[in-house]
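Naming: A, B, ... by sequence-line order, numbering from 1 per chain. In what follows, every heavy atom counts, from backbone to side chain, and hydrogens, waters and symmetry copies are set aside.
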There are 2 protein chains.
Amino acid sequence: MNEMNDASKNVRRRGDALIESIYNATIELIKKVGYTNLTFQQIAHAAKTSRTVLYRRWNTKFDLIHEIMEYKTKNALGGELIDKIEDTGSLRGDLLQLLTLYQSIYTEGGLEIMNAILFEIGQDSEKLSKIETNARNKNILVMRKLLGFAKNRGEKIKEVSDATLTLPFDLIRVENLLRRETMDAKRLELLVDEILLPVFLA
Amino acid sequence: MNEMNDASKNVRRRGDALIESIYNATIELIKKVGYTNLTFQQIAHAAKTSRTVLYRRWNTKFDLIHEIMEYKTKNALGGELIDKIEDTGSLRGDLLQLLTLYQSIYTEGGLEIMNAILFEIGQDSEKLSKIETNARNKNILVMRKLLGFAKNRGEKIKEVSDATLTLPFDLIRVENLLRRETMDAKRLELLVDEILLPVFLA
DNA sequence: TAATTAAGGTACATGTTGTACCTTAATTAG
DNA sequence: CTAATTAAGGTACAACATGTACCTTAATTA
């Protein structure tokens, strides 16, 4: 009867099964209470495990969140962004493809998580600025590849600084993090037509 | 001797003197420990007042921070942004002027504060999205005024969506909040020449 | 000078943290 | 298949932060 519950308590999950359960509980919680109000105590309770287990693995809630982001990003893209970029036949198509892919990280990966990451960047801890710099450098390479397609096709591309090369990514971040609107295909097209093409196409 | 300290404890500041002391203590603290680690307890101690005084005035640390931001913004600009915008004789000059003024809000107003604001936006509380929407609408009006100058001078301006009109502000925000680089005049010029002029000038 | 206003101080229940230490289930090795 | 190892679950504790209640007392005002 009520002994069933007590009996089931003795089952101990381990490894991936446990971890994923913690990930999911964390994501649900962060949606409910927000990142600031997120506590290890609540996570442990929601994931039906103990704080001890959490502290053993992650020193701070950011460490946990960051791990979740990487896990989610992999799932959303199925690999590195630069490998997913293909020549669509036009700069417009390529840029639209890029925005769509990059947007999917935010859509699938969970806005709440990205928000937390962004916030921690603002706290300018050492490791965070490294994460940021790495991401930026990767993104610049993606854009070089993309603009390389255009040059090979004979499209006239402006020479711009590295800082400007990250514009497509910055726009997606602004849209997702600073505004809170739905990012449909129409919105992405507008970004390409009104901003990105004038900037990159001579 | 040591009674001097005890005697000085009996002096009670009130009103603006007290408030400004709290503002300053908060700004110093937030620079030291960051927004997440900021506590009313620490603020009270740093401002040499008591938690009671703080709780009476602000329900959350965000309420306090938001008030500080408004106070600082007023000081930085000395009025509303739209009133500060003047016709410099060219779109390039006008845009540079706009970026410089808007940047000063971040420089003078305190990056830490803006960061906190941004973060709370991510928590999508009711009042916060209102603050955001208001700011966006104001910024759109500023850009309309600025592009109006250009049209009157006979410069050819593209017709763009409201979403694109906020680009100058979004760029400053990205630079300040997502990156952590010094925003000198050269950087602002690059934003104007490589991004804003191609977007707005036909 | 008396009444009012607002700052300072104390106390308390509640919740979170980080750590230490122990028990016990699940896995692995001999 | 049993014993050793690994890792999860549980309890306890000191430290700190919160939000509230209630009281005292300095500063302002009427």
> For A:K61 and for B:I19, find the nucleotide of DNA chain C with the closest heavy atom, then tell me which residue's nucleotide is more 5'.
B:I19
> Let me know the distance between CZ of A:R56 and P of D:dT6, rounded to the nearest Å.
14 Å
> Of B:N59 and A:V53, whose nearest nucleotide on DNA chain D comes first from the 5' end?
A:V53
> Both distances below 3.5 Å, Watson-Crick or wobble geometry, any strand: find the nucleotide opposite D:dT29.
C:dA2
> If I take atom CD1 in residue A:I22 and atom P in nucleotide D:dA7, what distance separates them, rounded to the nearest angstrom?
14 Å
> A:R14 side chain: which of D:dG9, D:dT25, C:dA26 is closest?
C:dA26
> In whole angstrom, what separates B:L54's CG from D:dG19's C1'?
13 Å
> In terms of side-chain heavy atoms, does B:Q42 have a donor or acceptor partner in B:N37 at a distance below 3.5 Å?
no
> Could you check whether any side-chain heavy atom of A:F200 comes within less than 4.5 Å of a side-chain heavy atom of A:K158, counting everything from C-beta outward?
no
> Just how far, in rounded Å, is C1' of D:dA7 from CZ of A:R57?
8 Å
> Counting any heavy atom closer than 4.0 Å, what does B:S50 reach on the DNA or RNA strands: base, sugar-phosphate only, or nothing?
base
> Output the single nucleotide from D:dA7, C:dG18, D:dT20 whose closest atom is nearest the side chain of B:Y55.
D:dT20
> Between A:Q41 and C:dT16, is there a contact of a side-chain N or O with OP1 or OP2 at under 4.0 Å?
yes
> Suppose we define a pair by two distances each less than 3.5 Å, Watson-Crick or G-U wobble; what does D:dC1 pair with here?
C:dG30
> Does D:dT24 pair with anything, Watson-Crick or G-U wobble, both distances under 3.5 Å, and if so, with which nucleotide?
C:dA7
> Donor-acceptor pair under 3.5 Å: do we get one between A:R51's side chain and the base of D:dG10?
no
> Measure from CG on A:L38 to P on C:dG15 and round the result to the nearest Å.
17 Å
> Between A:D16 (CG) and D:dA8 (C1'), how many Å, whole number?
15 Å
> Any strand counts, and the cut-off is 3.5 Å on both contacts for Watson-Crick or G-U wobble. Which nucleotide pairs with D:dA15?
C:dT16
> Grab the NE2-P distance between B:H45 and C:dG8 for me, whole Å please.
13 Å
> Whole-Å distance between D:dG19 P and A:N37 CG?
10 Å
> Is a salt bridge present between A:K145 and A:D94, judged by a nitrogen-to-oxygen distance below 4.0 Å?
no
> State whether A:D162 and A:R144 are salt-bridged, where the test is any N-O pair (Lys NZ or Arg NE/NH1/NH2 against Asp/Glu carboxylate O) under 4.0 Å.
yes
> Counting any heavy atom closer than 4.0 Å, what does A:R13 reach on the DNA or RNA strands: base, sugar-phosphate only, or nothing?
sugar-phosphate
> Give one of base, sugar-phosphate or nothing for A:T52, where a contact means two heavy atoms less than 4.0 Å apart.
base
> Can you tell whether the side chains of B:D193 and B:R92 come within less than 4.0 Å, N to carboxylate O?
yes
> Please determine, for the side chain of B:F40, which listed nucleotide (D:dG19, C:dA26, C:dT16) has the closest atom?
D:dG19
> Under a 4.0 Å threshold between the charged nitrogen and the carboxylate oxygen, would B:E194 count as salt-bridged to B:R187?
no
> According to a strict under-4.0 Å criterion, is B:R12 in side-chain N/O contact with OP1 or OP2 of C:dT5?
no
